[in-house]
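First the structure, in the form of structure tokens, and then the observations on it.
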Number of protein chains: 2
Amino acid sequence: MVKLLSSVQGYELFDGMSLEEANAMVECLDGHVISRDKGAAIFVEGSHANRFGAVLSGSLVVVKDGLDGKRIIIKRIGEKELVAAAQAFSGAKIMRVRVEADAPSRILILNAERVCSPCCNGCAFHARLVRNVMRIISAKTLELNAKIEILSHRTTDDRLLAYLHTFAEKCGSNEFDIPFDRQQLADFLCVERSALSAEVSRLARAGAFACHKNHFKLT
Amino acid sequence: MVKLLSSVQGYELFDGMSLEEANAMVECLDGHVISRDKGAAIFVEGSHANRFGAVLSGSLVVVKDGLDGKRIIIKRIGEKELVAAAQAFSGAKIMRVRVEADAPSRILILNAERVCSPCCNGCAFHARLVRNVMRIISAKTLELNAKIEILSHRTTDDRLLAYLHTFAEKCGSNEFDIPFDRQQLADFLCVERSALSAEVSRLARAGAFACHKNHFKLT
DNA sequence: TTACGTTTGTTGCCGTTCCAACATACTTGC
DNA sequence: GCAAGTATGTTGGAACGGCAACAAACGTAA
């Protein structure tokens with residue numbers, strides 16, 4: 001057996017499996033590893049959506065070309081995360097977005113149809129895998145809901161406050177470090193970086209929170 | 001056996017099952033039906049998130065109380081759709097939103113933990129059910145992605161055009177009826193109704209499309 | 001230290017949205 | 001038809017964000 005995986009540590013997809021079990025699983029799902037340089041495509045718009053991927057190293061971006069020629073970055077996908085899972089399991093026939101490497105990356109490509117089919121090899125972990133996939137996709141749905149709640153605010157300060165309070169709620173404390181620098185936070189909130197900086201200052205002066213760099217303390 | 005379902009027609013959750021099979025399934029999932037008047041809660045914030053629902057009749061809204069006291073409507077859920085599925089299958093322990101009836105409604109409540117557990121009664125449709133749930137949740141994820149793409153535009157006209165072009169792409173024609181009146185469309189795009197009306201007029205005058213009521217024809 | 005690049009904060013102008021109020025359709029029930 | 005209610009379109013003033021250009025703080029390497 002070819003061992004495509006060298007570790008299952010940190011992969012939600014393989015939660016509850018040993019390395020051997022996961023590698024058996026991978027073989028059962030037609031697994032193969034591809035490598036891509038920065039900018040190279042993993043999935044292109046219009047391609048058949050029956051495969052999904054797990055990022056082994058590097059990072060990807062999901063992009064959509066706007067009508068005006070502008071490229072919109074829909075999301076970033078980091079190591080050990082899944083890509084195109086929703087596409088593959090939704091029953092949609094073709095990809096409506098483009099996925100490309102944001103850095104030199106290695107991706108484990110898996111056949112989605114095999115996930116739900118009765119396992120030919122009688123491997124005992126399909127049920128576990130299905131539960132994991134369901135949990136991953138569901139969690140992603142919740143994340144997207146949270147993001148929509150933030151984006152439903154139109155002003156920069158409302159978006160910032162919604163983000164900070166959601167974050168505080170999630171981490172159970174009102175003092176925390178956010179995982180973004182200013183530019184990344186601006187991209188996430190879909191606002192201008194400079195306007196965001198200005199709002200951070202203004203709200204801090206107004207006493208809504210204290211902050212230094214990406215450390216925040218809500219009041 | 002109590003037959004809680006009188007039809008499986010239109011329920012993606014029971015796709016591929018007969019009415020008898022679906023009713024057996026429902027019993028296996030601890031199914032029971034609840035009724036709620038408009039405004040009454042189905043799930044409250046902070047409650048244990050191990051159940052989900054299928055709307056038998058009526059319609060629901062998922063709401064979140066903002067810090068400023070404003071209630072944000074996150075989404076509407078219509079007949080035969082699922083509610084709280086992502087919550088229940090994500091592994092999250094508690095609900096972070098509130099779900100209430102938007103009209104007098106009957107909801108079939110199901111136990112999410114039973115979906116993935118090996119079936120006690122040996123009923124043959126767990127695998128099918130799991131596939132259906134995965135497809136439903138995945139499709140929802142794609143919908144949310146599309147909405148985020150729309151909301152990532154900040155101007156009303158960009159949001160409107162993004163929505164219309166996405167819709168045209170989905171229905172495969174550039175002449176179509178949208179399922180919203182102006183107020184609903186404004187809510188969906190997170191913009192002001194009056195500003196939206198103004199933009200519709202302006203873009204129609206500018207020749208981007210022709211429109212009458214909710215019938216649009218892109219040029 | 002100096003020089004350089006990167007990140008973050010600040011400012012002014014201009015375009016757009018918000019909000020409220022009003023005007024004009026369209027629909028429904030009588 | 002008429003009236004009442006709802007949906008849609010229009011307008012003007014105030015507020016806000018986008019953009020560009022610049023200033024300040026920080027880290028790094030020669």
Side-chain angles (χ1 to χ4, degrees), chain A residues 66-73 76 102-103 147 150-164 176-217, chain B residues 38 59 66-73 76 102-103 148-164 177-217:
Chain A
L67 305 151
D68 50 359
K70 279 186 189 170
R71 275 168 38 122
I72 302 167
I73 295 179
R76 245 164 254 280
D102 193 38
K147 180 151 181 176
I150 289 169
L151 292 185
S152 73
H153 299 284
R154 288 210 96 179
T155 62
T156 301
D157 52 351
D158 281 347
R159 289 189 184 181
L160 175 61
L161 288 174
Y163 171 73
L164 292 177
F176 48 83
D177 291 314
I178 62 173
F180 293 130
D181 62 22
R182 287 289 182 279
Q183 182 62 61
Q184 291 170 325
L185 180 59
D187 287 345
F188 183 81
L189 299 180
C190 298
V191 300
E192 276 302 299
R193 182 204 57 77
S194 61
L196 175 62
S197 273
E199 278 309 318
V200 170
S201 312
R202 195 184 63 77
L203 287 169
R205 265 199 307 277
F209 52 74
C211 107
H212 178 67
K213 299 266 183 189
N214 48 344
H215 185 85
F216 285 80
K217 182 177 184 177
Chain B
K38 180 181 168 90
S59 69
L67 306 152
D68 49 359
K70 280 187 190 170
R71 274 166 39 118
I72 302 168
I73 295 180
R76 245 165 252 282
D102 192 38
I148 285 179
E149 193 190 324
I150 288 168
L151 293 184
S152 73
H153 298 285
R154 289 211 94 177
T155 62
T156 301
D157 53 352
D158 282 346
R159 288 189 185 182
L160 175 61
L161 288 174
Y163 171 74
L164 291 177
D177 291 315
I178 63 172
F180 294 130
D181 63 23
R182 287 288 183 278
Q183 183 62 61
Q184 291 171 325
L185 181 59
D187 288 344
F188 183 81
L189 299 180
C190 299
V191 299
E192 276 301 299
R193 182 202 57 78
S194 62
L196 174 63
S197 272
E199 278 306 318
V200 170
S201 311
R202 197 183 63 77
L203 287 169
R205 266 199 307 278
F209 52 74
C211 108
H212 179 66
K213 300 266 182 190
N214 48 345
H215 185 85
F216 286 80
K217 181 177 183 177

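Model, not experiment: these values are computed from the prediction. Here is the naming used below: chain letters follow the sequence lines, and residue numbers restart at 1 for every chain. Reckoned from all heavy atoms, side chains included, excluding hydrogens, waters and symmetry mates.
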B:Asp187 CG - D:dA7 C1' separation (whole Å): 14 Å
Below 4.0 Å: OP1/OP2 of C:dG9 and any side-chain N or O of A:Ser201: no
Proximity to the side chain of B:Val191 - top-ranked nucleotide from D:dT11, C:dC18, D:dT8: C:dC18
Five-pair end axes of the helix from C:dT1-D:dA30 to C:dC30-D:dG1, angle between them (10°): 40°
Sugar-phosphate only, base, or nothing, as touched by B:Ser197 at under 4.0 Å among non-hydrogen atoms: base
For atom CZ of A:Arg202 and atom P of C:dT11, their distance in whole Å: 14 Å
A:Lys213 NZ to A:Arg182 CZ distance, which is reported to the nearest 0.5 Å: 8.5 Å
Distance in angstrom units between B:Leu196 CG and D:dT11 P, rounded: 16 Å
D:dC16 phosphate, OP1 or OP2, under 4.0 Å from A:Thr155 side-chain N/O: no
Taking every non-hydrogen atom, the tightest pair across B:His153 and B:Glu149: CD2-O, 3.4 Å
Interatomic distance where NE2 belongs to B:His215 and P belongs to D:dT8 [whole Å]: 16 Å
Between C:dT6 (P) and A:Arg182 (CZ): distance, integer Å: 19 Å
Whether A:Phe216 and A:Phe209 hold their rings parallel, tilted or perpendicular, with breakpoints at 30° and 60°: perpendicular
Chi angles and distances behind the side chain to side chain contact (heavy atoms under 4.5 Å, CB included) call for A:Ile178, A:Leu164: CA-CA 8 Å; A:Ile178 62 173; A:Leu164 292 177; 4.2 Å; yes
Length of the line joining A:Phe180:CZ and C:dT8:P, which is rounded to integer Å: 13 Å
B:Ser152 side, atom OG; A:Lys147 side, atom NZ - distance, nearest 0.5 Å: 8.0 Å
Rounded distance in Å - CG (A:Asp181) to P (D:dC26): 16 Å
A:Leu151 to A:Arg159 - nearest heavy-atom pair and separation: O-NH2, 3.4 Å
Under 4.0 angstrom between B:Arg154 side-chain N/O and D:dG18 OP1 or OP2: yes
Nearest-nucleotide 5' precedence on DNA chain D, A:Cys190 against A:His212: A:Cys190
Given DNA chain D, 5'-ward residue of the pair B:Arg205 and A:Glu192, judged by closest heavy atom: B:Arg205
B:Leu185 vs B:Asn214, side chain to side chain contact (heavy atoms under 4.5 Å, CB included): CA-CA, chis, key distance, verdict: CA-CA 10 Å; B:Leu185 181 59; B:Asn214 48 345; over 6 Å; no
Exercise: identify the closest heavy-atom pair between B:Ala162 and B:Ile150: CB-CG1, 4.2 Å
Touch class at under 4.0 angstrom, heavy-atom based, for B:Glu199 against every strand present: sugar-phosphate
Side chain of B:Ser194 - closest among C:dC18, D:dT10, D:dG17: D:dT10
Nearest heavy-atom neighbours spanning A:Thr156 and B:Arg154: OG1-NH1, 3.6 Å
Integer-rounded Å distance: C:dA25 C1' and B:Gln183 CD: 17 Å
Check: B:Arg193 side chain, D:dG9 base, donor-acceptor under 3.5 Å: yes
A:Ala186 to A:Leu196 - nearest heavy-atom pair and separation: N-CD2, 3.6 Å
Where do N or O atoms of nucleotides 27-29 of chain D meet protein N or O atoms at under 3.5 Å, pair by pair?
none

